[in-house]
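Here the structure is laid out as structure tokens; the discussion comes afterwards.
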Amino acid sequence: MTMTDTDTVPAATATDVRRVKKGQFRAARGLLAPAVLFLVLLTQIPFLVTIGFSLVKWNLLYPQDRGFTGLDNYATALTSGALGPSILATVLITALSVILSVLFGLLFALLLDRPFRGRALARTLMITPFLVMPAAAALIWKYSMFDTNIGILNWVSRSLHLPVLAWSTDHPLLTVVTVLTWQFTPFMMLILLAGLQGQDKGILEAAQVDGAGTWRTFTWITLPHLRMYVEIGVLLGAVIILQVFDPIAILTKGTGGTKTLAYLLYERAFIGLDVGEAAAYGVVTVILTIIVATVALRTLFKVFMAGGSR
Amino acid sequence: MTTRTKNTLATTATWILVLIFFFPVFWMFLNGFKPESIASSAHPRLIFTPTLDGFRAAFDRGMQGYLINSLNASLWATLIAIVLAIPAAYALSIRRVKNVEGALTFFISTRFMPLAAVVLPLFMILKTLGLLDNIYVLAIIYAGVNLPVAVWMMRSFFLEVPFEIIEAARVDGAGLTREIFRIALPLVLPGVASAALITFIFSWNEYFLASLLTSSAARTTPPFLGSFVDGRGQFLAVLSAASTIAALPVIIAGWIAQKQLVRGLSMGAIK
């Protein structure tokens, strides 16, 4: 998003700077440069081009009719009625999936933090949904879980004499959120489990000795300790789910309030062939992501700088 | 209730919940070995005569070609990302540039940049240059997508190298190359494994760019699976078999490297 000048603010202390010779900084810059250049070429420059596209009238169906239009594409995006629902869909899907997977992740982390027979196996099975290729996960859920005829969920409903649901058409949003929650619960669980296992056992024992019950120990000691881990999980999860595409393309094709910004852009660009308008959606996606990512960055830096500065 | 009954109850509840959660994966695996008529039946069956027909059908659809493409894209992406990440991370941890925080912010902001924001220009440029449907181009793009995470992770590992070791090497007159590759790198091999694992997983599983930037020669496995969406007739067994094969490499890698996985997913923040 922004390219920061690497020479303006010295990160090291003043004494450090004096001690280290100029040539060493040059050598360090040489080490860093290839990676930075690579990313500038692959992401920074294309993003600038996207901004450029978004200011141009350009539909591949009418290649002759092309020219600068200022903010017309944004106006079209706003007035066509597609943008509002799309932002809502993106925010809803992201928020619901993240919240649910944190809650389930916390539950599983607490259950797997106790010693019991076969704990390693249980943990291994639990992380698997996150490892399954997302396209495969969406397809398996669509056909073997949600399907009205052969899906397990409806087999369960029928066995219990409950109404049969056409999940992906009757409840598209819930369908997408279910699959995402299933995939991201292990992600949250792993992060929270690491948090639980990083707890100071001495403090927990002291609390027990002082007569604090399990619940009070949990709310007064464990939860505050987990806060940082919850933050990391929420922010990393949110940034990934914000741009999620596979489950939507496979489960609902953007119908029924699931047309996220990523899917809308895909539809406008690669089906509608409207480069200008699609680019405008791309820019809006970035703005939305920046809002989330700014918060994410601040937290990550706090965690990192507390942990490992030299 | 005694502590013991409580414990038994909690353990039982844990197992029930874990098995419910794992069930879709188990069902995918099982369906892959069923004859099509049983897999696509309204009455789920646990007992059946296993067959490899589903797997044969998947390979009849040309799956090996897509798998080879996926492997190519993922391995090259991993290699490129690691080769670029090692020196960059070194310059952010041991032999430091002036503005470490600025550079870290730059890397991570590119990771957070939605692919949607860059896919149009990439598509247009590649189309103009005739580089669409090229597996190595896809690998380069995947390397770029994963490079920031690799840099952050490698940095967190380099920070743990005792500075005395580096200083001793410098006193002995080791050059920069020797300092990085002979002294520091062997100490952070778990970090290399972590970064490589995460890059491989994300590249292997990637669907959005693969479906837009490849069409036939360089088509990878995820969009191949995606093509089942428009399938007609009964196809749950072949779909399950294909999904099992597609998911297996990452599942096994993740199972083996659970520790690296946690650290990789949190970009090195959680040890």
Side-chain angles (χ1 to χ4, degrees), chain A residues 1 3-4 6-7 9-11 25 27-29 31-32 34-35 38-39 42-43 46-47 49-50 53 111 116 122 124-126 128 131-136 139-140 143-145 149-150 152 155 190-191 194 232 239 243 245-246 250 262 265 269 278-279 282 285-286 289 293 303-304 308 310, chain B residues 11 14 18 21-22 24-25 27-28 31 40 42 44 84 87-88 90-91 95-103 105-106 108-110 112-118 120-122 144 147 151 156 159 176 205 207-208 222 225-226 228-229 236 239 243 246-247 250-251 254-255 262 265-266 269-270:
Chain A
M1 285 152 215
M3 162 102 185
T4 320
T6 36
D7 289 305
V9 195
F25 278 130
R29 272 212 299 273
L31 294 173
L32 191 61
F38 190 70
L39 283 177
L42 268 175
T43 58
F47 178 54
V49 178
T50 300
F53 282 175
L111 288 173
F116 63 92
T124 303
L125 293 182
M126 260 315 291
T128 314
L131 299 168
V132 173
M133 180 180 285
L139 283 160
I140 291 300
Y143 292 110
S144 68
M145 297 289 134
N149 296 317
I150 59 173
I152 293 292
W155 174 75
L190 278 176
I191 290 177
I232 297 179
V239 169
Q243 39 173 318
F245 178 81
D246 327 13
I250 287 168
L265 174 137
T285 313
V286 171
T289 313
V303 176
F304 269 91
R310 182 161 4 231
Chain B
T11 306
T14 307
V18 167
F21 226 82
F22 184 72
V25 181
W27 201 239
M28 164 182 87
N31 278 338
S40 302
L84 289 169
Y90 203 78
R95 179 80 62 119
R96 291 190 169 190
V97 292
K98 274 186 194 160
N99 186 357
V100 171
E101 199 161 323
T105 310
F106 164 77
I108 210 61
S109 65
T110 61
F112 287 176
M113 169 118 72
L115 292 175
V118 297
L120 277 173
L122 285 180
L147 180 59
V151 169
S156 88
L159 284 174
L176 187 56
N205 286 346
Y207 176 84
F208 181 62
L225 286 182
F228 276 92
V229 169
L236 193 59
L239 168 66
S243 298
V250 164
I251 291 181
W255 280 355
V262 184
L265 289 175
S266 66
I270 294 170

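Throughout, a chain's letter reflects where its sequence line sits, starting with A, and its residues are numbered from 1. Everything quoted here is computed from the prediction, not taken from an experiment.
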Check whether [X] gets within reach of chain A through its side chain, its backbone, both or neither, counting any heavy atom under 4.5 Å.
| X | value |
| --- | --- |
| B:Leu265 | both |
| B:Leu147 | side chain |
| B:Leu120 | both |
| B:Trp27 | side chain |

| query | Looking at B:Phe21, B:Trp255, B:Phe208, which one has more heavy-atom pairs under 4.5 Å with chain A than the rest? | reply | B:Phe21

| query | Counting heavy-atom pairs under 4.5 Å to chain A, which of B:Ser40, B:Gly144, B:Pro44 comes out on top? | reply | B:Pro44

| field | Test item: A:Met133 and B:Val250 side chains (from C-beta on) under 4.5 Å apart, heavy atoms | value | no

What's the shortest heavy-atom distance between [X] and [Y], and which atoms?
| X | Y | result |
| --- | --- | --- |
| B:Leu236 | A:Ser144 | CD2-CB, 3.9 Å |
| A:Pro34 | B:Leu84 | CB-CD2, 3.7 Å |
| B:Ile251 | A:Val132 | CD1-CG2, 4.0 Å |
| B:Ala117 | A:Phe47 | CB-CD1, 3.8 Å |
| A:Gln243 | B:Met113 | NE2-O, 4.0 Å |

| task | For chain B, find which of A:Asn149, A:Leu42, A:Leu125, A:Thr43 contributes the most heavy-atom pairs closer than 4.5 angstrom. | result | A:Leu125

| Looking at A:Gly282, A:Ala122, A:Ala135, A:Ala269, which has the largest count of heavy-atom pairs under 4.5 Å with chain B? | A:Ala122

What's the separation between atom [atom1] in [X] and atom [atom2] in [Y], rounded to the nearest 0.5 Å?
| X | Y | atom1 | atom2 | answer |
| --- | --- | --- | --- | --- |
| A:Ile140 | B:Met28 | CD1 | CE | 6.0 Å |
| B:Asn205 | A:Leu131 | CG | CG | 8.5 Å |
| A:Phe38 | B:Thr110 | CZ | OG1 | 11.0 Å |

| Test log, rule side chain to side chain contact (heavy atoms under 4.5 Å, CB included), inputs B:Leu115 and A:Phe245 | CA-CA 10 Å; B:Leu115 292 175; A:Phe245 178 81; over 6 Å; no

Against chain B, label [X] side chain, backbone, both or neither, depending on which of its atoms sit under 4.5 Å from a heavy atom there.
| X | answer |
| --- | --- |
| A:Asp246 | both |
| A:Val49 | both |
| A:Tyr143 | both |
| A:Leu139 | both |
| A:Ile152 | side chain |

| task | Could you tell me whether the side chain of B:Tyr90 and the main chain of A:Ala28 form a donor-acceptor pair under 3.5 Å? | result | no

